[in-house]
Amino acid sequence: MKVKKAVIPAAGLGTRMLPATKTVPKEMLPMVDKPVIQYIIEEAVAAGIEDILIVTNRAKSAMDDYFDYYPELETRLNQAGKDRELYEVRKAADLANIFYVRQKETKGLGHAIWRAKRFVGDEPFAVLLGDDIMRADKPVTAQLVEAAEKYSASVVGVQKVSTEAISKYSSVKIAPLEQRIFSVLDMNEKPTPEQMFSNYAILGRYVLTPEIFNILENLNPGYGGEIQLTDGLQKLCRRSTMVAVDFEGRRYDTGNLKGFLEATIDFALEHPQTGDWLRQFIQEKAKFI
Ligand code: UTP
């Protein structure tokens, strides 16, 4: 089993980041000097993915423009000798083979993934949520792909979260297989502490087999009246092998204000153009707050 395709669902309405996301897709918000979506594409590419489908909607065409060439701008940068900027602008457009499909109605994450059926065909594929950035020595998608290939199975990326936080995620019922890898026996979406199976929550990365499409096609709306990916995954793990990888790395949910700011500060502290300056700025600020 080889994973060569990825799907990035990015058709959500981004209501937690309003009003900024009324006309700018949350995936296009700048994370220091690159839009959020670029970090996600770069992670997929670093995991050996060649073809990437972004699920968008009518308000998100800025994404396809971003990954296109821009001859007028490139000519101007070339004439001005702005080689670094020219390189960066071109690099974004040449990262991968990027395809787009629209989710015409915002019917939930499961429905958005289902829109990838034609693109995916008969192959396993990675899923990377469009607003979750991962920082890891080994790309998180690569960690999942490795497990998918080893076990010939679907994979969910998990990490432990607090009992108070689990109600924001899906909790998995697991049995150990090896260091950081588990077999998934069951799962539930946004459980209360009484309902949760474990503190392991699914966090924004998956490798799925095409079996998921038949399941999603026949799924009734679940939590919030939406077609929930977790409901589909629950059925999938009950009928086929599914593995959970307790991935190494830090996840940033850039789809909410605090997560976005945390990521911005951490990334800016590491960035060669802003790191030293920001460290000094924060130290100065800290004296007065
Ligand atoms: P989120 O719930 O994090 O995103 O969905 P959202 O719906 O944009 O956010 P809020 O709650 O309104 O602020 C998880 C992922 O699923 C995608 C989102 O784009 C995000 O990557 N999604 C969600 C879709 O593609 N389509 C949908 O109908 C719903």
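Every number for a ligand or one of its atoms is a count from 1 in the order of the listing. We use all heavy atoms of the structure for the numbers below, so side chains are in, but hydrogens, waters and symmetry mates are not.
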Tell me which residues fall inside the under-4.0 Å heavy-atom shell around ligand 1. Pro9, Ala10, Ala11, Gly12, Leu13, Gly14, Thr15, Arg16, Lys26, Glu27, Gln103, Thr106, Lys107, Gly108, Leu109, Ala112, Gly130, Asp131
Quick check with a 6.0 Å cut-off and a 45 degree axis cone: is Arg250 positioned over the face of Tyr252's six-membered ring? yes
Side-chain (Glu50) to main-chain (Val45) donor-acceptor, under 3.5 angstrom: no
Do the charged groups of Glu27 and Lys60 touch, with an N to O distance under 4.0 Å? yes
Presence of salt bridge, Glu42 and Lys34, under 4.0 angstrom: yes
Assess Arg90 against Tyr69: is NZ or CZ under 6.0 Å from the centre of the six-membered ring, and within 45 degrees of the ring's axis? yes
Tell me whether the NZ or CZ atom of Lys190 lies within the 45° cone about the ring axis of Tyr169 and under 6.0 Å from its centre. no
